[in-house]
*Asks:* 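Quick one: structure below, then a few questions.
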2 protein chains.
Amino acid sequence: MDNVVADLSQDRSRLGRSSTAERVADILRDRISEGFFRPGQRLSEESISEGLGVSRNTLREAFRLLGHERLLEHRLNRGVFVRLPSVADVSDLYQVRRVLEGAAVRREPTERALTLIKEAVSDAERAAAQDDWQAVGTANIRFHQALVSLNASPRIDEAMRQLLAELRLVFHVMENPRAFHEPFLDRNRALLGLIESGRPGEAAAYLDDYLDHAERLLIQAYEPSR
Amino acid sequence: MDNVVADLSQDRSRLGRSSTAERVADILRDRISEGFFRPGQRLSEESISEGLGVSRNTLREAFRLLGHERLLEHRLNRGVFVRLPSVADVSDLYQVRRVLEGAAVRREPTERALTLIKEAVSDAERAAAQDDWQAVGTANIRFHQALVSLNASPRIDEAMRQLLAELRLVFHVMENPRAFHEPFLDRNRALLGLIESGRPGEAAAYLDDYLDHAERLLIQAYEPSR
DNA sequence: CTTGTCGAATTGTTCAACGATTCATATGTT
DNA sequence: AACATATGAATCGTTGAACAATTCGACAAG
């Protein structure tokens, strides 16, 4: 009986998860993340509330939620816009990654997390072999998400989720994100090796170089289009 | 002319910062942080909207904002409550602190940040000498906020602000928070010394011990009252 | 080319209403 | 007495309409 109850507690989070505003937020978040709503685009209260069949008030509640996740930008009396991150934003995102991922690789990896990391690396390589660069991108994101989970902190996991969602905005402004992800496949594999073999110092150093390189490349490809 | 425009752009942030919902959120945040609204307490939409002279819709927008900051808890069809952190929450908060503050002390300190840290330490000691434990608490918070600012990341600064606000909820449930802060005055001073003298490794180790100790003490004082 | 003015469009905020849900109380059954 | 069910008040969730405030482009005047 006890384990039945314990199992149920996992579904519990899904139970509370219903309110029209939150469901609307979920929909909009997906739309933004898939690039249907482009960065910089204005989201009209009238057309969207009408399109989704919810009242303006409810839609505004959803807007507030996404604004706090930095996916939307609220400009007073002018409406909400899909966030268009500045170069400074990109730099800061990578600064946060340096902290979160850096702390992660210094920790003793758990079996559970290590499995997730390995899967993500393999999935990315498999997708690359099939020229499915969309899948490479998502697997790459899973890799870093799994890395950060080494910190064993729900709040940090959540922060990383938001950070990666924000980073997707940047990718949507780039001309070809596929070219950006490719060079990092080998590095992911190498980083995994350093973690597995228990050399946190080297892993941290390697990661720093990794992130420096990625940031420079990303900003270089991003700057012109602003 | 150019520098005039550049100067103005700094004031720009103040321009956008007004909407009734956000101002209401500011008020509620202050009330919660000062303990006027106690953890666990329910905030009635009707009485508060009436008391503040705003509509229920606007108040609900404010509630959403604070919910995302984890200061309020939204239970469907039951209303919003001032968050009452669990012991697991406290542990996680300290886990996050280990990551954010740990990364901070490993960095080369800037002059600006170092000044802020020194001021916070001195202020805390001065307040302690005058038995003003309220002031000791806020100075202590400023100390850790300044520490984290070594990471040179606006997003991390913001995350730390929220984290400390959440931690204040915990303090409001304790019987005497003053006794909790006192033993850490000397440690703050010692940590500052390690940072100033450029020994990041030792500083990080000292900090880990610091946080472990603080977490244990806090949970010990917190557990019974739940 | 800059500066003022007007008006349409959109957002900000309020209000009233009604269905849905929760919780406490009362009622009834075994 | 213990448990199940029904009842009802209170509150939340959501809607739709309304009006004030603000933005922004167009156009006119200097």
Side-chain angles (χ1 to χ4, degrees), chain A residues 1 8-9 11-29 32 37-38 40-68 70-84, chain B residues 1-2 4-5 8-9 11-29 32 37-38 40-68 71-84:
Chain A
M1 175 62 185
L8 283 179
S9 72
D11 298 331
R12 197 165 169 178
S13 57
R14 249 186 288 175
L15 208 66
R17 292 213 76 213
S18 55
S19 105
T20 311
E22 283 175 20
R23 263 174 290 142
V24 169
D26 287 343
I27 293 174
L28 295 179
R29 193 186 297 106
I32 293 170
F37 293 131
R38 315 278 309 188
Q41 180 177 348
R42 174 167 152 271
L43 303 186
S44 151
E45 290 188 357
E46 190 175 352
S47 61
I48 291 187
S49 68
E50 189 182 350
L52 260 51
V54 301
S55 78
R56 268 182 65 211
N57 283 320
T58 300
L59 178 63
R60 286 170 61 85
E61 288 201 359
F63 279 167
R64 295 282 179 182
L65 290 176
L66 297 174
H68 231 277
R70 299 189 214 254
L71 294 183
L72 294 183
E73 191 178 342
H74 218 117
R75 303 185 205 165
L76 195 61
N77 287 314
R78 298 190 43 204
V80 299
F81 298 75
V82 178
R83 186 88 185 299
L84 199 157
Chain B
M1 176 62 184
D2 264 359
V4 173
V5 174
L8 283 179
S9 71
D11 297 332
R12 198 165 168 177
S13 56
R14 249 187 289 176
L15 257 178
R17 288 219 78 210
S18 53
S19 104
T20 311
E22 284 176 18
R23 264 173 290 141
V24 169
D26 287 342
I27 293 174
L28 295 180
R29 194 184 297 107
I32 293 170
F37 293 131
R38 313 280 308 189
Q41 179 177 349
R42 172 166 154 272
L43 302 186
S44 151
E45 290 189 356
E46 188 175 356
S47 61
I48 291 188
S49 68
E50 188 182 348
L52 260 51
V54 300
S55 78
R56 267 180 67 208
N57 283 320
T58 300
L59 178 63
R60 286 169 60 88
E61 289 200 0
F63 278 167
R64 296 283 178 181
L65 292 177
L66 297 175
H68 234 276
L71 293 183
L72 295 183
E73 192 177 342
H74 218 116
R75 302 184 205 167
L76 195 61
N77 286 315
R78 299 191 43 205
V80 299
F81 298 74
V82 178
R83 185 88 185 299
L84 198 156

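Chain A is the first sequence line, chain B the second, and so forth, proteins listed ahead of strands; every chain is numbered from 1.
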*Asks:* Without decimals, in angstroms, what is the distance between B:Arg42 CZ and D:dA10 P?
*Replies:*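 The distance from CZ of B:Arg42 to P of D:dA10 comes to 12 Å, rounded to the nearest Å.
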*Asks:* B:Arg64 or B:Glu46: which one's nearest nucleotide on DNA chain D is closer to the 5' end?
*Replies:*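 That would be B:Glu46.
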*Asks:* Near DNA chain C, counting only heavy atoms under 4.0 Å, which residues of residues 50-61 of chain A show up?
*Replies:*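 Nucleic-acid contacts, sorted: A:Arg56, A:Asn57, A:Arg60.
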*Asks:* Identify all pairs in which a protein N or O lies below 3.5 Å from an N or O of nucleotides 20-26 of chain D, and state each distance.
*Replies:*
| residue | atom | partner | partner atom | Å |
| --- | --- | --- | --- | --- |
| D:dT22 | O3' | A:Asn77 | ND2 | 3.2 |
| D:dC24 | OP1 | A:Arg78 | NE | 2.4 |
| D:dC24 | OP1 | A:Arg78 | NH2 | 3.1 |

*Asks:* Going 5' to 3' along DNA chain C, which nucleotides are the first and last within contact of chain B (any atom under 4.0 Å from a heavy atom)?
*Replies:*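 That gives a stretch of C:dT13 to C:dC23.
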*Asks:* For residues 40-62 of chain B, which residue pairs qualify under ring pair (Phe, Tyr, Trp, His ring centres under 6.0 Å), counting only residues two or more places apart or in two chains?
*Replies:*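 Applying ring pair (Phe, Tyr, Trp, His ring centres under 6.0 Å) to every pair that reaches into residues 40-62 of chain B, excluding sequence neighbours, yields nothing.
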*Asks:* Looking at A:Arg70, is its backbone amide N or carbonyl O close enough to the side chain of A:Arg83 to form a donor-acceptor pair, meaning the two atoms are under 3.5 Å apart?
*Replies:*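 Yes.
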*Asks:* Please report the closest heavy-atom contact between B:Ala62 and B:Val24, naming both atoms and the distance.
*Replies:*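 Looks like CB-CG1, 3.6 Å.
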*Asks:* Quick check against the 3.5 Å criterion: does A:Gln41 have a side-chain atom that pairs as donor or acceptor with the backbone of A:Arg38?
*Replies:*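 Indeed, once roles are kept as given, a pair shorter than 3.5 Å links the two residues.
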*Asks:* Which residues pass the ring pair (Phe, Tyr, Trp, His ring centres under 6.0 Å) test with A:His68, sequence neighbours left out?
*Replies:*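 Per chain and number, A:His68 pairs via ring pair (Phe, Tyr, Trp, His ring centres under 6.0 Å) with B:His68.
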*Asks:* Give a yes/no on whether any side-chain N or O of B:His74 is located under 4.0 angstrom from OP1 or OP2 of D:dG13.
*Replies:*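 Yes, within the criterion.
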*Asks:* Take A:Ile32 and A:Leu72 through the test side chain to side chain contact (heavy atoms under 4.5 Å, CB included) and record every step on the way to the result.
*Replies:* CA-CA 9 Å; A:Ile32 293 170; A:Leu72 294 183; 3.7 Å; yes
*Asks:* Ion pair present between A:Glu22 and B:Arg64, side-chain N to carboxylate O less than 4.0 angstrom?
*Replies:*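 Here A:Glu22 pairs with B:Arg64 in a salt bridge, since their nearest N and O are under 4.0 Å apart.
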*Asks:* Apply side-chain hydrogen bond (donor to acceptor under 3.5 Å, both in side chains) to A:Thr20 and list each qualifying residue two or more places apart in sequence or on a separate chain.
*Replies:*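 side-chain hydrogen bond (donor to acceptor under 3.5 Å, both in side chains) check on A:Thr20 returns nothing, list empty.
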*Asks:* Applying side chain to side chain contact (heavy atoms under 4.5 Å, CB included) to A:Val82 and A:Leu71, what does each step give before you reach the verdict?
*Replies:* CA-CA 6 Å; A:Val82 178; A:Leu71 294 183; over 6 Å; no
*Asks:* Check the pair A:Arg29, A:Asp26 against salt bridge (charged side-chain N to carboxylate O under 4.0 Å, His left out), reporting the backbone distance first and the verdict last.
*Replies:* CA-CA 5 Å; A:Arg29 193 186 297 106; A:Asp26 287 343; 2.8 Å; yes
